[in-house]
Every structure is written in structure tokens, then in C-alpha cells.
Amino acid sequence: MYKLIKRDGNAKRGEFHTVHGVIQTPVFMNVGTAAAIKGAVSTEDLQQIGTQVELSNTYHLHVRPGDQVVKKMGGLHKFMVWDKPILTDSGGFQVFSLAGLRKIKEEGVYFNSHVDGRKIFMGPEQSMQIQSNLASTIAMAFDECPSSVAEREYVQRSVERTTRWLHRCKEEMARLNSLPDTINQHQMLFGINQGAIYEDIRIEHAQQIRELDLDGYAVGGLAVGESHEEMYRILDAVVPELPVDKPTYLMGVGTPANILEAVDRGVDFFDCVYPSRNGRHGHVYTNHGKLNLFNAKYELDPKPIEEGCQCPACRHYSRAYIRHLLKAKEMLGMRLCVLHNLYFYNHLMEEIRDAIEAGNYKAFKKEKLSGFENNA
Ligand SMILES: [Zn+2]
């Protein structure tokens, strides 16, 4: 259940109530692809860096260790020892981007596993069954994510199929949630808006899927190669077509600047691999731009990554030490950078929520954006 607490322009400050606790929005979900955040980050660490929601990938967990294994271990929450909300994606995006030799049919997609090449079939029902076995808090509908440069005619047909798949997802989830051996019988379903960069297709699709009265709505298929301006144009067109009294999730986005802009357009859920991926490469976020800790100028720098940051890295360690760890390929270097970056994102969302509540989001956004451009 989503409760809209405050609006400031189009920006939304909300609370999403789930069986695993309340999510304060806007929120950044921390991406743990295979039930762990890459960079040796444990679920205990997540408690310390302000993580509200962990996101895991259905496709990866289906291939390895297998969703049946996770179910036998009591579901993802027990398996990874995390009692707060978990969102699982549908597997669709990975099927379309990672798997080899795929064939899309009305019933679903035939493809080969990227791990061992074995043949797999996944359609709306299979995706829902896998996510039910994983027992996540929020399941995503199985959709096709057409390329942002796909032909209009292809996108139109693809989106129509995605709508038919969404109906099948909703029915299958209702069935699964009613079974006695289902671990999370309160699993929620988010539908996904598609339509590449065609505003009219996106708007029509949004109008169709909002009729289904789902628990939340995502905008998918953005941040896959189009420009930031195109992404903002699509958000300007489509977000007003989605229910204001439900969460709006912009999938796979993005940079801190992208998030600030999307919040201003009414988005309140985000996820992205940038903070963990960049952290593993020694690239760290600050309010004065991104730093590359491999840079020689940090060799004797006693300051933390960011002055005043309360993350586990900045509370104790210097840029010089972390730089040394990264250069020596010590796992701790990568870990500290990932912890800082995730904390930075989670903390940014907290500041965003405060600014919306205070009714000064526009001014806050402007100040943050000019800071990021400093690149100290
Ligand atoms: Zn820090």
C-alpha cells in the first residue's frame, strides 16, 4: 500500500507499506545481482549504509543456484539473511541482453543459459513462478525491453505483447499467492511501461496498464543508449499517465543527476549498478563530483573520500590508504569504495526526501547539480 505524504511540484514523497516493512520514498534500491552486492558487501553492511530495499536478479538466481534451491532454503530473505524488502526483476532484461540464441514467441522466450549454454524457456508464468520461489517482496512483470533504436512497428507489436504478458503475470501471481506452500503469499506485482522513445506508444501503453490496478508501475527500457534529454522527455510524457497514488519506478537509472531530475518528474523508485560498479574501479561519488582514487594526487592525502561522510569508509580511512589498497589489489579497497558509494546514494535519497518535505526541492536540486559539476 502506497501512501503519498507530500508533493512538491511533481516530486513525490511517499511511504510504501509491505509485508517486510515500510519503504520511505524516493528510494534507491541497492543492486545485489546474485543475492549479494558485488564488492564483498554483506547484508550486515547494508544495515550500516542505510539500505532500504535490496534488488536481486531473477535470471541470475534461476540459472545459479536455482530458484528451487532458494525456496528449499526458505526464500531469499532467509537465504541471504535480510529481513527488509527485496525486489526481484522479471528476468526479462537479462534474457534479452545476456542470453545467447533467443527466440521470442507469444508464449515466452526460448534461450540458452549464459553460464552453461543449456536451453531455458521463460514466459510470464515461469517468471512469476521463479519470483514466487524466491519469495521477494515485490515481483516485476515479465516484459520485452525493445532497443531504444528499434523500429516503430516492432516496438508497437512488442508493447502489445508485453500488455498481454502482463495480464498473464497478474493471473499467475494471484494463483501462486493463494497456494499453501508459497513462502510470501503477499507478494506484490509492478507492471512495466515500454515503448522505446515513442511518446504516443508509451502513453497508450501506460493508459492500458494502469487499468490493471497493480501495486506499482515501472518505466522500463530507458537508460539503454538514448540521451539524457530523450529520457527526460519520455518521463515528462509518461509519468503523468501513471497513477499518482502508486509507486513509480524508473528502472536501471542512474547517475545522481539523473535521479535528481527524475524525482522532479514524479519518480520514486530507482536502481542502478553505477555505485557498486564504479566503486569496484576506485571511482567514488562526492558532493563535488566523482573522484578517481587511482589518481596520483591522492597518494599522500590524509582526508576521507568525503569530509563529513558517515559511511564505514570515511569514518576511519584516508584517501591515501584506500588508494594504496586499490593499487595493491586488496579486496578491502574495492569494498570500502562500494560501501561509500552506496551510502552516498542512500544518503542522497534521504536528503531528497527531506527537501520534498520542506517544500524546497527545486532549490535543493539546483544546488546539488551545481556541486556535482564542480569536480573537485
Ligand atoms: Zn563515505
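Please read all numbers here as calculations on a predicted model, not as lab measurements. We count ligands from 1, going down the list as the structure has it; atoms in each ligand are counted the same way.
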Would a distance-only check, ignoring hydrogens and angles, find a side-chain to backbone donor-acceptor pair under 3.5 Å from Asn292 to Phe294?
yes
side-chain hydrogen bond (donor to acceptor under 3.5 Å, both in side chains) pairs, two or more places apart, involving residues 149-159
Glu144-Tyr154, Glu144-Ser158, Arg152-Asp200, Gln156-Glu160
Distance below 2.8 Å from the Zn ion (ligand 1): protein N/O/S atoms:
Cys309 SG, Cys311 SG, Cys314 SG, His340 ND1
Could you check, using the six-membered ring where one of them is a Trp, whether Phe28 and Tyr345 have ring centers closer than 6.0 angstrom?
yes
Residues 324-338 side chain polar contacts: donor-acceptor under 3.5 Å, at least two apart:
| residue | atom | partner | partner atom | Å |
| --- | --- | --- | --- | --- |
| Arg335 | NH1 | Ala40 | O | 3.0 |
| Arg335 | NH1 | Asp45 | OD2 | 2.5 |
| Arg335 | NH2 | Asp45 | OD1 | 3.4 |

Would you be so kind as to tabulate the donor-acceptor pairs closer than 3.5 Å made by side chains of residues 308-317, with sequence neighbours excluded?
| residue | atom | partner | partner atom | Å |
| --- | --- | --- | --- | --- |
| Gln310 | NE2 | Gly308 | O | 3.4 |
| Arg315 | NH1 | Gln310 | O | 2.8 |

Is the shortest side-chain N to carboxylate O distance from Lys362 to Asp264 below 4.0 Å?
yes
